[in-house]
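For this chain, numbers begin at 1 and follow the sequence in order.
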Amino acid sequence: MSVDMNSFVRNIQLCRVVRVLLVVAMLCVATSSLHAQYNKAYFFWMGREHIIENRYRDAIRSLNILLGVDKDAYEGYFLRGVAKYNLEDLLGADADFSQAININPVYTLAYQYRAITRARLGNYEDALADFAEAISLRPDQEGIYFSRGVTLLLSGRFGAAIEDFDTFIHYDPKVADAYLNRGLCYLSLKDTVRARAEFDMAIRTNRESPDGYNRRGSLLMEQNQPQEALADFNQAIVCDTTYLPSYFNRALAYSKLKRPGDALRDFDHVLRIDSTSAVTYFNRAILRTQIGDYNSALEDYNQVAFYSPDNVLVYYNRALLYSRLNDPHAAIKDYTRAIELYPDFAAAYINRAELKRRIGDMRGSKSDVQIANRKIAEYRSRLWDTTSISSYADTSRRFNRLLSFDTKLTAKRLAVSQEGKNISLLPLFKFSMHNNVKAADANAGKYYVPAIDTLVQRLGGAPYVFSNRTTDIATDSLVRLSRQMAEHTTDNYEELFRLGVAQSLVRQYTSSVGTFSVLVELYPTDPFVYINRSTVRAEMTDFISSISQGYGRITIDSDPANKLRSGTTRTYDYDEAIADLNKAAKLRPDLAYIYYNRGNLQAISGRLPEAFDDYTRAIELNPDFAEAYYNRGLVQIYMKDTRKGCLDVSKAGELGVEQAYTVLNLYARPEHD
């Protein structure tokens with residue numbers, strides 16, 4: 001039996017609640033270790049409170065301040081690691097727990113949390129080594145045995161996991177999840193009697209939790225006792241009316257009891273709450289097919305194909321449905337897709353052969369039959385089997401069974417694409433205009449450049465700002481302003497600069513480049529003129545190419561398998577924009593923004609090693625340059641160095657880039673998680 005990852009996450013969450021209570025108690029005393037300085041203790045306390053309130057990004061901001069003034073505050077690293085863990089930044093959490101251990105090698109909680117983090121990353125051996133270290137330091141800390149038991153369960157070492165759950169239960173016999181997990185171990189060892197006893201004990205320990213009833217109900221379903229299972233699922237819903245697996249499981253029981261109307265109502269309920277659940281659409285499609293509601297079933301299969309486009313089950317089953325709807329061409333197309341995904345799928349060849357025969361493609365039909373027979377012969381030779389061809393033709397029966405709630409039809413990428421998120425490089429910095437200057441000001445952080453502030457003041461202060469944010473000023477206001485400036489502008493530096501900025505914001509790119517070119521001739525040693533002309537030239541290239549569809553911006557596709565990708569063949573280049581930045585770099589070699597901007601242009605021109613070098617130089621000049629860490633991380637992911645890329649993205653998240661956690665959720669965990 002496969003291990004339920006949802007259960008594992010719930011177990012870790014339960015552990016986390018227990019541990020956070022311990023942490024709170026312990027850290028109330030630990031604040032005295034912060035040299036009794038009020039400012040340190042305050043930010044430590046704020047970080048801890050934010051974690052308790054699930055405000056993890058706020059916690060990171062508070063703890064960054066603490067760690068900025070006290071590099072040895074190991075509890076600060078630990079708490080920041082907890083915050084990152086809860087934001088799914090597992091690599092960042094690992095790094096912070098490691099730093100806490102480096103500072104304090106006997107810090108038990110850091111070993112325990114790093115072990116949990118490494119288990120989530122699939123790094124079971126290192127996780128078990130950390131658990132062993134934690135136990136050697138605190139053998140009386142029962143929570144460590146629980147966490148290690150979960151890790152051993154996940155890694156398939158069921159006997160050792162049972163021993164750890166035994167130890168935990170010896171210390172604390174009132175935690176129902178310990179019995180549930182021990183029951184899962186016995187179930188994996190095919191000992192259904194002891195598994196049932198553990199699930200019974202979990203229910204007796206906590207009759208208000210739906211988990212025990214769901215586990216026992218699922219076991220009863222496997223033992224073909226749907227009526228008894230239904231009673232358990234009903235009770236699970238009584239315990240928690242918001243827990244969707246209970247409704248899903250009850251739908252399976254209703255289906256087994258030949259009550260399709262009740263089953264459909266429960267599937268409908270799940271989809272009202274979670275409209276992206278591919279496995280629910282799949283099951284509802286099968287049920288609708290069974291009762292003859294073919295058109296509705298087809299709609300459900302279409303949803304499954306949208307959310308899980310690489311799953312062979314979808315196309316095979318939909319092809320069968322198209323056959324019933326007398327649409328052989330659509331069915332052939334789906335069988336073809338199923339074969340592309342699973343080239344040894346003999347039943348798909350057999351069914352496609354029949355459809356090709358039906359539409360008069362005798363040659364194609366014969367070819368498919370030959371391929372199917374060859375696949376079957378190969379299968380028999382491998383297994384020394386006498387299986388007849390009927391078992392392959394009967395695949396539809398096996399594919400049309402209802403699937404359990406934890407079946408992995410959907411990859412992580414689907415939720416991201418459904419939300420419409422497109423992960424791309426953070427944009428270029430330039431002089432711009434904003435109503436909310438404070439929110440857009442790039443100099444509001446630690447990297448203060450007096451020359452930039454001086455130029456902003458020369459331009460008149462607000463609404464002028466140096467930023468990479470899209471302007472929040474209405475377009476019609478900008479158009480009026482641009483016209484007024486154009487009518488009254490002289491050769492004055494400030495007037496020309498303001499005009500060039502306004503023209504760029506209303507996409508008068510040619511005019512804006514012309515204005516900044518006049519400034520270049522008049523002031524050839526001013527680096528900021530080159531910077532803004534560079535950004536305008538880059539934006540003009542983007543705009544023109546988006547119309548002609550010459551190429552697309554480099555982005556991370558919503559499908560992790562495609563990673564960072566460039567679009568179609570590039571027609572336009574950024575050479576002039578890069579040349580401007582080269583000139584600016586000679587004039588101001590110490591300005592991090594120049595290298596950041598040039599890194600972006602190098603990346604979208606396909607020169608990724610050069611982009612990496614430019615981002616690295618920007619970070620050397622500004623160690624807190626969040627956007628540079630983020631973009632360098634994306635570039636490294638594309639260059640297949642995912643781990644280092646995620647570490648950079650993690651650092652960006654730590655510094656305040658919220659998009660970082662979307663990327664980390666896609667790339668920082670193994671596919672099986």
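- At a cut-off of 3.5 Å, with distance as the only test, no side-chain donor of Y661 or R57 sits close to an acceptor on the other residue.
- Look at R196 and D200 and you find a salt bridge, because one of the NZ, NE, NH1 or NH2 atoms lies within 4.0 Å of a carboxylate O, short of that distance.
- Between C239 and R207, the shortest heavy-atom distance links the atoms SG-O, 3.3 Å.
- Side-chain atoms of I637 and V663, non-hydrogen and from C-beta on, do get closer than 4.5 Å to each other.
- Residues G212 and L180 approach most closely at CA-CD2, 3.7 Å, considering heavy atoms.
- Within the model, atoms SG of C185 and CG of D191 stand 11.5 Å from one another, a figure rounded to the nearest 0.5 Å.
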Margin query: Before you tell me yes or no, could you show the steps for N54 and Y56 under side-chain hydrogen bond (donor to acceptor under 3.5 Å, both in side chains), namely the whole-Å CA-CA distance, both residues' side-chain angles and the distance that decides it to 0.1 Å?
Written below: CA-CA 6 Å; N54 300 327; Y56 303 116; 2.8 Å; yes

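- The two residues L90 and T117 come nearest to each other via the heavy atoms O-CG2, 3.2 Å.
- Among all heavy-atom pairs drawn from N224 and K256, the shortest one is OD1-CE, 3.2 Å.
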Margin query: Using side chain to side chain contact (heavy atoms under 4.5 Å, CB included), reason through D164 and F131 one step at a time and then give a plain yes or no.
Written below: CA-CA 11 Å; D164 270 348; F131 282 129; over 6 Å; no

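- Sorted by first then second residue, the salt bridge (Lys or Arg N to Asp or Glu O under 4.0 Å) pairs that include residues 225-237, not counting sequence neighbours, are R216-D232.
- Between F233 and Y213, the ring center distance fails the sub-6.0 Å criterion.
- With hydrogens and angles disregarded, no donor-acceptor distance shorter than 3.5 Å links the side chain of S255 to the backbone of A251.
- Looking at heavy atoms from C-beta onward, L355 lies out of side-chain contact with N351 at the 4.5 angstrom threshold.
- Under the rule for a side-chain contact (heavy atoms from CB on, under 4.5 Å), the partners of I273 that lie at least two apart in sequence or sit in another chain are L244, H269.
- N302 and R318 are linked by a side-chain donor-acceptor pair at a separation below 3.5 angstrom, with hydrogens and angles left out of the test.
- Contact record, A119 with A127: N-CB, 3.8 Å, taken as the closest heavy-atom pair.
- Atom-to-atom distance recorded for S277:OG and N283:CG is 8.5 Å, nearest 0.5 angstrom.
- A donor-acceptor pair under 3.5 Å links the side-chain atoms of S155 to the main chain of T151, judged by distance alone.
- Residues satisfying the salt bridge (Lys or Arg N to Asp or Glu O under 4.0 Å) test with D94, not counting sequence neighbours, are R118.
- Looking only at side-chain heavy atoms (C-beta outward), N311 and F282 stay at 4.5 Å or farther from each other.
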Margin query: One pair to check against side chain to side chain contact (heavy atoms under 4.5 Å, CB included): V304 and N317. What are the steps and the verdict?
Written below: CA-CA 11 Å; V304 182; N317 280 17; over 6 Å; no

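- By the 4.5 Å heavy-atom criterion applied to side chains, V150 and F165 are counted as neighbours.
- Annotation: side chain of L128 is in contact with side chain of R157 (closest heavy-atom distance under 4.5 Å).
- With a 4.5 Å cut-off on side-chain heavy atoms, L298 and Y322 count as touching.
- Scored by the side-chain contact (heavy atoms from CB on, under 4.5 Å) test, L257 finds P226, Q227, L230, R259 as partners (sequence neighbours excluded).
- When all heavy atoms are compared, the tightest approach of A178 to I169 is CB-CG1, 3.7 Å.
- Distance check, rounded to the nearest 0.5 Å: CD of E198 to CG of L184 gives 10.0 Å.
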Next item on the list: Would you check, one step at a time, whether the test side chain to side chain contact (heavy atoms under 4.5 Å, CB included) holds for R120 with E88?
Entry: CA-CA 10 Å; R120 291 282 309 281; E88 297 296 333; 3.0 Å; yes

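- You'll find the side chain of V649 stays beyond 4.5 Å of the side chain of V657, heavy atoms only.
- Test R352, R363, R374 against D368 for salt bridge (charged side-chain N to carboxylate O under 4.0 Å, His left out) and you get one pass: R352.
- By the salt bridge (Lys or Arg N to Asp or Glu O under 4.0 Å) test, R357 pairs with E354, sequence neighbours left out.
- Put simply, the side chain of T289 gets close to the backbone of A285: a donor and an acceptor are under 3.5 Å apart.
- Atom CD of E208 has 12 or fewer heavy atoms from other residues, nucleotides or ligands within 6.0 Å.
- Salt bridge D126/R114: absent, no basic N to carboxylate O contact under 4.0 Å.
- Shown here are the side-chain hydrogen bond (donor to acceptor under 3.5 Å, both in side chains) partners of T241, two or more places apart in sequence or in another chain: there are none.
- Without hydrogens or angle criteria, D240 side chain to A236 main chain gives no donor-acceptor distance under 3.5 Å.
- D266 contributes atom CG, which lies 5.5 Å from atom CD1 of I237 (distance to the nearest 0.5 angstrom).
- Among the candidates Y349, Y316, Y315, the single residue satisfying the ring-ring contact (aromatic ring centres under 6.0 Å, His included) test with Y335 is Y316.
- The distance from the OG atom of S365 to the CD1 atom of I350 is 11.0 Å, given to the nearest 0.5 Å.
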Notebook entry, point to check: So I144 and F168, side chain to side chain contact (heavy atoms under 4.5 Å, CB included) or not? Walk me through it.
Noted result: CA-CA 8 Å; I144 303 173; F168 175 83; over 6 Å; no

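- F199 is not listed as a side-chain neighbour of Y179, based on a closest heavy-atom distance of 4.5 Å or more.
- Look at R265 and D262 and you find a salt bridge, because one of the NZ, NE, NH1 or NH2 atoms lies within 4.0 Å of a carboxylate O, short of that distance.
- Distance check, rounded to the nearest 0.5 Å: CZ of R148 to CD of E163 gives 9.0 Å.
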